[in-house]
Amino acid sequence: MSLIIYNVLKREKEPFRPIVEGRVFMYVCGPTVYDHAHLGHAKTYVSFDAIVRWLRYSGYKVRYVQNITDVGHMLDDGEDRILKGARRERVEPMELVERYMRSYFEDMDALGVVRPDISPRASAHIPEQIEMIQTLIEKGHAYVVNGSVYFSVESDPDYGKLSGRRLEEMEAGKRIAVRDEKRHPMDFALWVKAPENHILQWPSPWGRGYPGWHIECSAMSTKYLGANFDIHGGGIDNIFPHNEAEIAQSECAHGVPFANYWVLTGSLLVNGVKMSKSLGNFVTIKDALKSHRPEALRYFILSGKYSNPADYSAEALDAASKGVERIDAAVRRVRDALKHAPESGDEGTRGQLMNLLDQTRMLFASAMNDDFNTPLALAALFDMSKEINHAISSGIATRQVLEQALAIYTELGGDVLGVVRSRAAPSTTADSEREVALIEILIEMRNEARKARDYARADAIRDRLAKLGIVLEDGPKGTSWRIAS
RNA sequence: GGCGACGUGGCCAAGUGGUAAGGCAAGGGUCUGCAAAACCCUGAUGCGUGGGUUCGAUUCCCACCGUCGCCUCCA
């Protein structure tokens, strides 16, 4: 079974053929770190996390590079976002960058997003960017004006191939006053001359200045992945001008194709419009994590296709929490059942169940291999849960079956999608060990009350524990407990 | 205006030229002292609207309506 990817560059699904057998070189546009990350960022990076995890699970050796933009990302008025943020918080630009870069990694760690293999910073790759700009000038694709350097879009016949735009058509829609030093209104800055007292500036062959936003991704992806690499990812909202500019710069400088596959994620919407900083309609990841488990946020994101837009609402997140809880409950039951599972059972039944589990793995794999169809992959886990629950209820699940089911939850639900916690909440600290013991004492007392038919007392214990977020569940084999999600 | 995406049961969301996965919510039932969890049952004669192609379309084509993204602020 082989992987098929929807390639935005071709506008169609195509089989994935890596440049080097067994390896994947992948770049994803990272955040500009001038403020806390919100759920829109979470959608993109959780989506790519699932993609990378699946590639690795499939046996590929992946090098995953995701940049940190800490210079060069301009606002409409030409001011650098980092400088504006630094002024707002009255700190050094690099202090601001450090603050929000840490915040970003904290959020990603909390969401269980596996860290990229390399997280290069734009400000740490100024020489590489300058070198690339020089190459572009030498090859006639860029020109110097008053200490700034612009990329000449007319010098690139392929310009617009990713976003499907043509230069002639774009001129009509421009909304920004064009700097008259540009030769063509669509030309974009590779290097910007710094005003006198500009805080962020570096020496260059063209005088002191700072790099444009797009060139960093070209320079850094080339450095760590090569001029031609496998997959380039990002949010669809950056398809133009950013991704388009990356392609133009890279291909004009190196004369080889840039990324072979373009994988872009749909935007996160709120009430039908994009969640964004500028609209102020955003929910930070930190805030969302105050009321929802990371697995619930991941489930919310992965229950739709990465390429489609998703609509955020508090209700949607609640529904996701319930969904993830259903899987969790099933995993708990399997773990419990494993404690007293029969070693052997009816051979025919056992074979049927093992078949079902194989089927689950197959369905999951074919879903993920079909352009990373995570919602369909999740459905495979739900279908399995239903069958396994049934098998446990009717006592026909043998140890072998349960172990295999648990392996599926752990590997596919946990390692690949990250919606199943890797194990039951660990109780490693002294405090929590004591807490567990106390809960067990209370359960014992309650069960004594139940035996004595003192239900008022039994219910009181259950209710009070529930208020603390501890849920009791009475089963045929005793009472179990869990922390409410 | 240009480019792109989308419109599937109350909500979310897969999918296919041959008769609609899954989740949430709802109703009924089994289990339980009561719950919880779990399991069983119920629900779109229809997949934006109107045409067309076809033996047959939700799936292909055309038109229209609506929503969203991008067109140098944003993952």
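The chains referred to below are lettered A, B, ... by the order of the sequence lines, with proteins before strands, and numbering in each begins at 1. On a predicted model such as this, the values are computed, not experimentally measured, just so you know.
- Within residues 33-44 of chain A, the residues that place at least one heavy atom under 4.0 Å from RNA chain B are, in residue-number order, His38(A), Gly40(A), His41(A), Thr44(A).
- Taking atom C1' in both G27(B) and G9(B), the straight-line distance is 15 Å, to the nearest Å.
- Nucleotides A44(B) and A14(B) are separated by 15 Å at their C1' atoms, to the nearest Å.
- Side-chain atoms of Asp70(A) and Tyr34(A) include no donor-acceptor pair closer than 3.5 Å.
- Looking at heavy-atom distances under 4.0 Å, Val28(A) makes no contact with the nucleic acid at all.
- Atom-to-atom, CD1 of Ile388(A) to P of A37(B) comes out at 20 Å; the value is rounded to the nearest Å.
- In this structure G1(B) sits in a base pair with C71(B), meeting the Watson-Crick or G-U test at under 3.5 Å.
- Across all strands shown, Leu269(A) has heavy atoms under 4.0 Å from sugar-phosphate atoms exclusively, and none from any base.
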Nucleotide N/O of nucleotides 39-43 of chain B paired with protein N/O under 3.5 Å:
| residue | atom | partner | partner atom | Å |
| --- | --- | --- | --- | --- |
| C39(B) | OP1 | Asn389(A) | ND2 | 3.3 |

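- Scanning atom types as modelled, one donor and one acceptor separated by under 3.5 angstrom connect the side chain of Asp459(A) and the base of G33(B).
- Aromatic stacking is marked for Tyr455(A) over G33(B), as both cut-offs hold: 5.5 Å for the centres and 30° for the planes.
- Under the Watson-Crick and G-U wobble criteria, each requiring two contacts below 3.5 Å, nucleotide A38(B) is paired to U30(B).
- Across U30(B) and A36(B), the matching P atoms stand 14 Å from one another, rounded to whole Å.
- Distance CZ (Arg165(A)) to C1' (G1(B)): 13 Å, rounded to an integer number of Å.
- Counted by atom type alone, Ser155(A) and His141(A) present one or more donor-acceptor pairs between their side chains at under 3.5 Å.
- Using a 4.0 Å heavy-atom criterion, one finds that Gly30(A) contacts the sugar-phosphate atoms exclusively.
- Mapping Ser163(A) and Ala329(A) onto RNA chain B by nearest heavy atom places Ser163(A) at the nucleotide closer to the 5' end.
- Rounded to whole Å, the distance from CZ on Phe382(A) to P on A38(B) is 11 Å.
- Taking Asp109(A) as the reference, Arg115(A) meet the side-chain hydrogen bond (donor to acceptor under 3.5 Å, both in side chains) condition, with sequence neighbours excluded.
- Between Phe188(A) and Phe151(A), the ring planes lie parallel to each other; the angle is under 30°, not in the 30° to 60° tilted range.
- Under the rule for a side-chain hydrogen bond (donor to acceptor under 3.5 Å, both in side chains), the partners of Tyr27(A) that lie at least two apart in sequence or sit in another chain are Asn67(A).
- As judged by a 4.0 angstrom heavy-atom cut-off over every strand, Lys322(A) is placed among residues touching the sugar-phosphate backbone only.
- Listed by chain and number, the residues in a side-chain hydrogen bond (donor to acceptor under 3.5 Å, both in side chains) with Asp230(A) amount to none (sequence neighbours excluded).
- Between the CZ atom of Arg166(A) and the C1' atom of C3(B) there is a distance of 10 Å, rounded to whole Å.
- The side-chain hydrogen bond (donor to acceptor under 3.5 Å, both in side chains) check on Glu14(A) picks up Asn7(A), Lys10(A), with sequence neighbours excluded.
- The nearest heavy atom of RNA chain B to Ala330(A) and to Ala458(A) marks one nucleotide each, and the one closer to the 5' end goes with Ala458(A).
- Among the heavy atoms of the strands, none lies under 4.0 Å from Arg332(A).
- To the nearest whole angstrom, the two P atoms, one in U58(B) and one in U32(B), are 47 Å apart.
- Contact annotation for Tyr299(A): backbone-only contact, meaning every heavy-atom pair under 4.0 Å involves sugar-phosphate atoms and none involves a base.
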Show which side-chain atoms of residues 375-397 of chain A pair as donor or acceptor with protein atoms under 3.5 Å away, not counting sequence neighbours.
| residue | atom | partner | partner atom | Å |
| --- | --- | --- | --- | --- |
| Ser385(A) | OG | Leu381(A) | O | 2.9 |
| Ser385(A) | OG | Tyr409(A) | OH | 2.6 |
| Asn389(A) | OD1 | Arg333(A) | NH1 | 3.1 |
| Asn389(A) | ND2 | Ser385(A) | O | 3.1 |
| Ser393(A) | OG | Arg333(A) | NH2 | 3.1 |
| Ser393(A) | OG | Asn389(A) | O | 3.1 |
| Ser394(A) | OG | His390(A) | O | 2.8 |

Can I get a per-line list of side-chain donor-acceptor pairs under 3.5 Å for residues 261-279 of chain A, giving both atom names and the distance, sequence neighbours left out?
| residue | atom | partner | partner atom | Å |
| --- | --- | --- | --- | --- |
| Tyr261(A) | OH | Pro15(A) | O | 2.9 |
| Tyr261(A) | OH | Arg17(A) | N | 2.8 |
| Thr265(A) | OG1 | Thr44(A) | OG1 | 3.1 |
| Thr265(A) | OG1 | Gly234(A) | O | 3.4 |
| Lys274(A) | NZ | Asp237(A) | OD2 | 3.1 |
| Ser276(A) | OG | Leu279(A) | N | 3.3 |
| Lys277(A) | NZ | His36(A) | O | 2.9 |

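- The residue Ser276(A) sits close to a base: some heavy atom pair falls under 4.0 Å.
- Arg446(A) comes within contact range of at least one nucleobase, with a heavy-atom separation under 4.0 Å.
- Nucleotide C60(B) is matched to G52(B) when pairs are restricted to Watson-Crick or G-U wobble geometry with both distances under 3.5 angstrom.
- The separation between Phe300(A) atom CZ and C11(B) atom P is 16 Å, rounded to whole Å.
- Across the strands present, G66(B) finds its partner in C6(B); the criterion is a Watson-Crick or G-U wobble pair with both atom distances under 3.5 angstrom.
- Atom pair Ile327(A):CD1 and A37(B):P shows a separation of 16 Å (rounding to whole Å applied).
- Taking only distance into account, the side chain of Asp474(A) never meets the base of C31(B) through a donor-acceptor pair shorter than 3.5 Å.
- The nucleotide G46(B) finds no pairing partner, because no Watson-Crick or G-U wobble arrangement with both distances shorter than 3.5 Å includes it.
- Note: CG (Leu302(A)) to P (A14(B)) measures 12 Å, nearest angstrom.
- Remark: side-chain polar atoms of Lys182(A) are paired, donor with acceptor, to backbone N or O of Asp187(A) under 3.5 angstrom.
- Looking at heavy-atom distances under 4.0 Å, Asp311(A) makes no contact with the nucleic acid at all.
- If you check every strand for non-hydrogen atoms under 4.0 Å, Ile392(A) touches nothing.
- A donor-acceptor pair shorter than 3.5 Å cannot be found between the side chains of Glu106(A) and Tyr104(A).
- Note on Leu381(A): nothing from the nucleic acid sits closer than 4.0 angstrom, heavy atoms only.
- Among the heavy atoms of the strands, none lies under 4.0 Å from Phe48(A).
- Legend: salt bridge (charged side-chain N to carboxylate O under 4.0 Å, His left out) pairs involving residues 241-251 of chain A, not counting sequence neighbours, sorted by first then second residue: Lys161(A)-Glu251(A).
- Using a 4.0 Å heavy-atom cutoff across all strands shown, Ala319(A) reaches sugar-phosphate atoms only and no base atom.
- Rounded to an integer number of Å, the gap from Asp237(A) CG to A5(B) P is 16 Å.
- A side-chain donor-acceptor contact under 3.5 Å links Thr69(A) and Glu216(A).
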